[in-house]
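Structure incoming, see below.
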There are 2 protein chains.
Amino acid sequence: MDKKNVYFFGSGKAEGSTSMKNLLGGKGANLAEMTNLNIPVPPGFTISTKVCKIYSEKNHSYPEDVKKEIESNIVKLEKETNKKFGDPKDPLLVSVRSGAAISMPGMMDTVLNLGLNSTSVVALGQISGNPRFAWDSYRRFIQMFGDVVMGVSHSLFEDKLTSIKNFHNYDLDTELNVDDLKELVNLYKEVYKDNTGESFPEDPLVQLWAAIGAVFGSWNNERAVKYRTINKIDGLIGTAVNVQSMVFGNFGDDSGTGVCFSRDPATGDNYFYGEYLMNAQGEDVVAGIRTPQKLSTLESENPQLYKELLDVKQTLENHYKDMQDMEFTIERGKLFLLQTRNGKRTGQAAVKVAVDLVSEGLIDKETAIMRVTPDQLDQLLHPMIDPTTLNSLKAVATGLNASPGAACGEIVFTPEDAEAKALEGRNVLLVRRETSPEDIGGMNAAEGILTATGGMTSHAAVVARGMGKPCVAGCKAVEISGKAMKIGNNYFKEGDTITIDGSSGNVYSGKCILVYPKLTDQLEIFLKWSDEVRESATRDGVKKGFDVRANADLPEDAKRAREFGAVGIGLCRTEHMFFDEAKLEHFRRMIVADSLSERVEALETIKDLQISDFKGIFKVMDGLPVTIRLLDPPLHEFVPGDEFDSLAKMLHKDVSELKLRIESLKEQNPMLGHRGCRLGITYPEIYDMQIEAIIRGAIFCQREGIKVFPEIMIPLVGTVNELKILRERSEIIITRLFDELKDSVPYKIGTMIEIPRAALTADKIAEYADFFSFGTNDLTQMTFGYSRDDVGSFVPEYLSKKILQNDPFQVLDEEGVGQLVITAVNKGRSVKSDLKMSICGEHGGEAKSIDFVYRSGLNLVSCSPFRVPLARLAGAQSVIRNRT
Amino acid sequence: MDKKNVYFFGSGKAEGSTSMKNLLGGKGANLAEMTNLNIPVPPGFTISTKVCKIYSEKNHSYPEDVKKEIESNIVKLEKETNKKFGDPKDPLLVSVRSGAAISMPGMMDTVLNLGLNSTSVVALGQISGNPRFAWDSYRRFIQMFGDVVMGVSHSLFEDKLTSIKNFHNYDLDTELNVDDLKELVNLYKEVYKDNTGESFPEDPLVQLWAAIGAVFGSWNNERAVKYRTINKIDGLIGTAVNVQSMVFGNFGDDSGTGVCFSRDPATGDNYFYGEYLMNAQGEDVVAGIRTPQKLSTLESENPQLYKELLDVKQTLENHYKDMQDMEFTIERGKLFLLQTRNGKRTGQAAVKVAVDLVSEGLIDKETAIMRVTPDQLDQLLHPMIDPTTLNSLKAVATGLNASPGAACGEIVFTPEDAEAKALEGRNVLLVRRETSPEDIGGMNAAEGILTATGGMTSHAAVVARGMGKPCVAGCKAVEISGKAMKIGNNYFKEGDTITIDGSSGNVYSGKCILVYPKLTDQLEIFLKWSDEVRESATRDGVKKGFDVRANADLPEDAKRAREFGAVGIGLCRTEHMFFDEAKLEHFRRMIVADSLSERVEALETIKDLQISDFKGIFKVMDGLPVTIRLLDPPLHEFVPGDEFDSLAKMLHKDVSELKLRIESLKEQNPMLGHRGCRLGITYPEIYDMQIEAIIRGAIFCQREGIKVFPEIMIPLVGTVNELKILRERSEIIITRLFDELKDSVPYKIGTMIEIPRAALTADKIAEYADFFSFGTNDLTQMTFGYSRDDVGSFVPEYLSKKILQNDPFQVLDEEGVGQLVITAVNKGRSVKSDLKMSICGEHGGEAKSIDFVYRSGLNLVSCSPFRVPLARLAGAQSVIRNRT
């Protein structure tokens, strides 16, 4: 087993199986599995990924035993098919395709029709009864082989094609007759020889070895590497190579080729979804050059064949217990399956399929949970065009609704422009005639993609769905000319803004109002399952749960958070309340106060307003905990940079004195300055006011029958004494208020862990904290020594040079920052074994980070309301994944 | 033993000894020790520090057994002295004095002449044959008891004294006769009764219990607490109380009192140094009201007594093996010792005494090393007035050279003003008629102290020497009036600048030029001993040494560092070189370059200049290693804030474009921005130039016969990949240069550990580092989240509220930052067991921090040249202290 490198499949029997994906790649493993399932698959063999690794390590050569093993499989294939390479009567023709363990559509090389030479082309003509097809296949093979294997530019061949067409005054390729194609073959061979110094190889075995090497080599081509980077694919050793006997969808009108999905990959609806083209080869469908037909046409035109395909679909879906993406070819009325794999799908489809498969009894709930990626869920919450505005909107065009969600941005016409402008922080929409694998970078940078040609399974559509980007494909009204386009009578140039709706296929001029959708019933069911899993989470054998809360500062945010399933507010930033116009004036008056009494007076006014703020939030969160962070940012954030005059007038102060006071608040490094609990210590009256407002608000609500659970959070603690002093002071105020109001509410006082020193001394700090909340934004800033506002000057370069694997502000840095988190968890729990811990940085809404904090023993994550569903799922997956 | 609370001494036998300092305080332990040494000491007993603790814990009361033990010692003392409290013939009079394990001169309370009442005062008059003395003692006792024990304001008594003097038209206290004093006693008793509601106690035992309680209570008075804070005295449980029978230096002309040192406390010279006053009590000497006589006068006037004192001195110095500070009283021709302790001394004296005691065979070298505190050594390097300017300077006055070193500053006249202005960052000189214990805070805040009265052992002189502050005392020419003073014909008001020279006693108008002295021969010897100890330092049984290097950026700094004993440069900051005028222009040109080629061109010019910089340093450091840190600060530090026009003109650039470019360099938090190796990664040409300059400079020097050991240090590394990339790039350049120059030099490439993440991932980083240097300034900033430039707004309050024990930028925070240091040491050494590690932050010159880093396993410290001697000593002390 260990020494085996090549796996044969044919005649209902295969050496491989679907469990050998790492070795055979997804395609190879599934070809073997399908063979074993007695599904009609053209025979062939798979050279394992191990050989890819050896091949690149051995400087593009094979060990002798591997070479022999491949040779013996070639012989076996000839026997199986009863054909011979280069046979003048019945030549064996094969495809040579890549296939890694994780699908990388279109990224690596493929060679078709291999085995054609000046002898076999004649035979193919005779067998097919279509010499034109044979010669067209031959010229395509030379071009493909020249391009893929020998690196001869595609365009050199295209030039010859164009010159012949021009000479004969042809418009279409199809006008070329057999003699034209024979002439073209000769011209192609000349191009080949001129550019490689060798004649085009006649010997099919020479062709085969070269093609296998080229496919292995394509593992490390630029676009494949880039694709793996963008999709964070690592840990693979290489691609497998599948050598498979050819079947032809272009043998005539009784032949054809198609792509189908066992369910709708956009919606997840359970109907047999697919497209096909008669008398065509597979790439004609994928490339989106001809517009394909729906499977329903096949059903009516060839019910027998359709039934056969339907059976295959059912067999495969039942076998794999997941939605399948299949490629098939009909050769002279006979059906062949060329590929099956779990189908890529939109987030909506992923949820629908997972929920349906559970109700169909094919999978259980936890399997369903693992079937939807957090990113897919995120897609569901992508913006859509505000439905209330739709009546007044008029689409300038409609294309295919290729990937859901709406996007607006400045249009760009090249992937390079997309990347460049996105780097400048602009939102761009990439408009292309059709996309190709080289465009990956630009597609990733764009908010959305609009193409002029191509179907629902075109490159643009497949890739956009995978990325979760809105995409409108095949929008025929779009006419591109350089860096401008015309849609009907509307002209757009680069930089103009448009909006696309990937759910409807509509394209709008200008910027539309986007809104976020609510959760569907299906999604609700699915997320409830996730909640059950998280609720059942244990630590050290004891049920602890793993909750999701939201970061929300205002009642409307809190409301949305609750709708999205948050079981509390994990971070309510009180400072955002001060930017409210009613409070800002008094807050500024407080900041520039000349005396304590003036400051206290201003705070009195703010207090009443702040009480209403808290009431609003408590009301919305009735029955759920609300963690309120006391004032955090430095005071200078609240004062104007230049409107001294108006401020002075408003506050009845001298302008120059005011300037001086505001100037004195400026800091060299405000991130590391006078903020958080440092303000609480030096201006105790501010926190006093906030504590009072929280408690008065809570008691007021409680008297109205609302269940309140305020949790007071002290930010930026670095030494235990800060927390000790502020906690003691708060408790005095709270006790005084309880006495005064003759009433009480349950409350907690905890702290942020966001300063490295707090993490390092968490055992001391835990003594005065009812809970910890990790502020991983600041913790990342200080642990890395990166100012989040300033990293733009070097972090992009760090990412491209692989100095950093991820932006540490997006994905929590487990290696460095993670150590501090774990230290704080362990030290905190060494003092209070049940200390409740959460994370409320941006990382709380990112799946990898959620997994890390779950493994670290945190009890809950808090994230922005829109990320709550994602976090509910990601948390459940962490629980399942990390069960021992 | 455990249950004993009171220790008796008398008749050549004492229950205590000098080893019981923690229990008996320094004074009590030494009184016991002297008694056992048969030195004449008035008998008495010491109530231990344990009782102080119990007394404050038990809310100012004693447990019954303690009370009984004190009572039985009172009885014993009456027997020993053959006197009785309140006896109408021969009454027992005692002093009640505080005495903690660490001397706190003048900070706590003392009551003298206790036991006097309306009966015993008469007896004292008869025994002494001097009723005036007896009544004067009585009225002083009432005043002292009223003030110290009952809290009746001193001035209320003084008012009565003044009124009697005015009534009789007396100028001096000495003009009061017995009747006047009797009347005064009555007036004092009225004051006492009016303010306490009780009659002045007649019963000596009542007096005694009250006095003991008062002394215990004074442990926690405000000034004692402040003194302990300033002097960082902690871990003591309280003060002991010494109850000792009185002897009188004011029984007449055959009586007297004095203070003497076994060697000169200012210079350390081995001669018997002291001052005394005949017919006086001890406080008359200390308070500096009468000007005392030198001991040489005693030698000529009473050779027998002088000889006796000389013998005592010799006995004590031989016994304690250290310079002694003694208090004595002569009562009617008989000598009594009231106190001995190791004498406070200047840094110069400390070194001289330590070295002399070694050559006298009294102590060994390591004992000598432990006898000098690092702070004392620091004093030696305090500024002095440039000797070359002395001829042109004319002192406006001369006082006593009470504490060495020169200081200049704006004059202030109150300790409050001193503290307030120092907080504003101004250098102030405190001018006082005489200082008192309440002035401690202001003295600490001032650069130096000038007093109008008082001798070499006055409060100002003693405290200033302890603090290492320059002090000119007893400068009679100074006449103070409110917030102004007159010296001769010169008038000075608050805020005017003067200079004092505490070494000569001179006072100068205005600001003099100050210079730093060189090391004395004595100090050289002493520091060589320290070097030997550090060289012998072992880790895990293997000799590792513990070196001191200096931070020096320019050849002249390096030269001074070498003179001060640095064995290398631990930090040469190349950016300081760029501020040099010749380079700054080109450096700015480089920064605002529009293209790589323009930048490289500017760097070419800088390179040549930088090569000379390095040559200069290598030359001075011939044979010693030089650690050169590549460019660290963000580029915007090098460009002007406003002189765009002139810069644009110079660089032939458009002003607005230049502004834009410079604007784009600005950062929100430059401390956490684009600096250090982040610049090295994004502008590799800068580090390339620096590497080339270092290597070319080194090879040039080597060819001139200079031994060079360049160590290239890469700053601000946070991830191993930064170091890996920069190291690999540097090595390519170095190899290329070695090839080109057909020569090579030994070199190392290491990194700063100054980002928390670097410490946390030090195992990874160690793989690419030849050495680590801890940049504890930045590490402290990021671990605490404190911007060093901005902490002024809250850290002073944090220190006063004891949230922080020390300013973490002065003393390395062992609890937090220290954890990261230890983590990095352990992780680094887990990969390279012999990885050389150093510290080059400000902490490298601070004794406590040096001790910590030695314990943590670092190999060397690097500090500013002036701190090198201190570090050499502190390092040796750490080695001795931490030997297992």
Side-chain angles (χ1 to χ4, degrees), chain A residues 634 664-679 681-682 716 718-722 724-725 754-761 764 778-795 797-798 801-805 808 813 815-820 823, chain B residues 634 664-676 678-679 681-682 716 718-722 724-725 754-761 764 778-798 801-805 808 813 815-820 823:
Chain A
S664 78
L665 293 172
K666 291 267 165 67
E667 297 185 301
Q668 293 287 313
N669 298 286
M671 177 52 52
L672 307 177
H674 195 179
R675 51 179 281 245
C677 70
R678 299 165 196 174
L679 288 173
I681 297 278
T682 51
L716 217 72
T719 69
V720 61
N721 288 333
E722 291 167 322
K724 179 172 183 284
I725 288 176
E754 53 188 336
I755 299 233
R757 197 178 186 284
L760 293 165
T761 60
K764 305 257 161 71
D778 272 3
L779 193 60
T780 299
Q781 294 199 91
M782 293 176 206
T783 306
F784 273 89
Y786 290 174
S787 161
R788 215 179 160 177
D789 297 322
D790 302 311
V791 287
S793 51
F794 60 92
V795 160
E797 198 159 336
Y798 271 35
K801 284 189 173 151
K802 299 261 189 187
I803 292 173
L804 296 172
Q805 299 310 311
D813 164 53
E815 189 179 44
V817 179
Q819 280 190 53
L820 289 177
T823 298
Chain B
S664 77
L665 293 172
K666 292 265 165 66
E667 298 185 300
Q668 293 287 314
N669 298 286
M671 177 52 52
L672 307 177
H674 195 178
R675 52 179 281 245
R678 299 165 196 174
L679 289 173
I681 297 277
T682 49
L716 217 71
T719 69
V720 61
N721 289 333
E722 292 167 321
K724 180 172 183 283
I725 288 176
E754 53 188 336
I755 299 235
R757 197 179 186 284
L760 293 165
T761 60
K764 306 259 160 72
D778 272 2
L779 193 60
T780 298
Q781 294 199 91
M782 294 176 205
T783 306
F784 272 88
Y786 289 174
S787 161
R788 215 181 158 172
D789 297 323
D790 303 312
V791 286
S793 51
F794 60 93
V795 160
E797 198 159 337
Y798 271 36
K801 285 192 170 147
K802 297 263 188 185
I803 292 173
L804 296 172
Q805 299 310 311
D813 164 52
E815 190 179 43
V817 179
Q819 280 190 52
L820 289 176
T823 298

Worksheet item: Of the backbone (N, CA, C, O) and the side chain (C-beta and beyond), which part of K724(A) lies under 4.5 Å from a heavy atom of chain B, both, or neither?
Response: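 It is neither, since no heavy atom gets under 4.5 Å.
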Fill in: From T783(A) atom OG1 to M782(B) atom CE, the distance as rounded to the nearest 0.5 Å
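One gets 10.5 Å once the value is rounded to the nearest 0.5 Å.
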Worksheet item: So, for F784(B) and T719(A), which heavy atoms are closest and what is the spacing to 0.1 Å?
Response: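 Of all heavy-atom pairs spanning F784(B) and T719(A), the closest is CE2-CG2, 4.1 Å.
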Worksheet item: Looking at residues at least two apart in the chain, or sitting in another chain, which of them share a salt bridge (Lys or Arg N to Asp or Glu O under 4.0 Å) with R678(B)?
Response: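 Salt bridge (Lys or Arg N to Asp or Glu O under 4.0 Å) list for R678(B), sorted by chain: empty.
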Worksheet item: By a 4.5 Å heavy-atom criterion (distance strictly below it), what part of E797(B) contacts chain A: side chain, backbone, both, or neither?
Response: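 When you check distances to chain A, only side chain atoms of E797(B) fall under 4.5 Å.
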Worksheet entry | Leading residue by heavy atom contact count with chain B [cutoff under 4.5 Å; candidates G785(A), A759(A), G718(A)] |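 Looking at each of G785(A), A759(A), G718(A) in turn, G785(A) comes out on top.
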Worksheet item: Between N721(A) and Q805(B), which heavy-atom pair has the shortest distance, and what is it?
Response: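 For N721(A) versus Q805(B), the nearest heavy atoms are ND2-NE2, 4.4 Å.
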Worksheet entry | Among E754(B), K764(B), Q781(B), residue most engaged with chain A (heavy-atom pairs, under 4.5 Å) |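 Top count of heavy-atom pairs under 4.5 Å with chain A: K764(B).
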Practice prompt. Can you tell which part of T682(A) gets under 4.5 Å to a heavy atom of chain B, answering side chain, backbone, both or neither?
Written response: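 The answer is both parts of T682(A).
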Discussion item. What part of I803(A) gets within 4.5 angstrom of chain B, counting heavy atoms only: side chain, backbone, both, or neither?
Written reply: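 I803(A) touches chain B through backbone and side-chain heavy atoms alike.
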Practice prompt. Quick one: pull up OH in Y786(A) and CZ in R757(B) and give me the separation to the nearest 0.5 Å.
Written response: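 CZ of R757(B) is found 7.5 Å from OH of Y786(A).
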Worksheet item: Out of V791(B), T761(B), I681(B), which one racks up the most heavy-atom pairs below 4.5 Å with chain A?
Response: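 So the answer, after comparing V791(B), T761(B), I681(B), is I681(B).
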Practice prompt. Work out which heavy atom in S787(B) is nearest to a heavy atom in N669(A); give both atom names and the distance.
Written response: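 Heavy atoms of S787(B) and N669(A) come nearest at OG-ND2, 3.2 Å.
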Fill in: Toward chain B, the part of Q819(A) with a non-hydrogen atom under 4.5 Å
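Contact with chain B involves the side chain of Q819(A) alone.
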Fill in: Atom pair CG/CG of L760(A) and L820(B) - distance to nearest 0.5 Å
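Going from the CG atom of L760(A) to the CG atom of L820(B) covers 4.5 Å.
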Item to complete: Among the options L716(A), T823(A), V720(A), D813(A), pick out the one with the most heavy-atom pairs lying under 4.5 Å from chain B.
Response: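 Looking at each option in turn, the highest pair count goes to D813(A).
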Practice prompt. Mind listing the closest non-hydrogen atom pair of I725(A) and K801(B) along with its distance?
Written response: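 Between these two residues, the closest heavy atoms are CD1-O, 4.5 Å.
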Worksheet item: What distance separates L672(B) CG from M671(A) CE, expressed to the nearest 0.5 Å?
Response: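 So the CG of L672(B) and the CE of M671(A) are separated by 7.5 Å.
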Item to complete: Write down the atom of E667(A), the atom of S793(B), and the distance for their closest heavy-atom approach.
Response: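 The pair with the smallest heavy-atom distance is OE2-OG, 4.2 Å.
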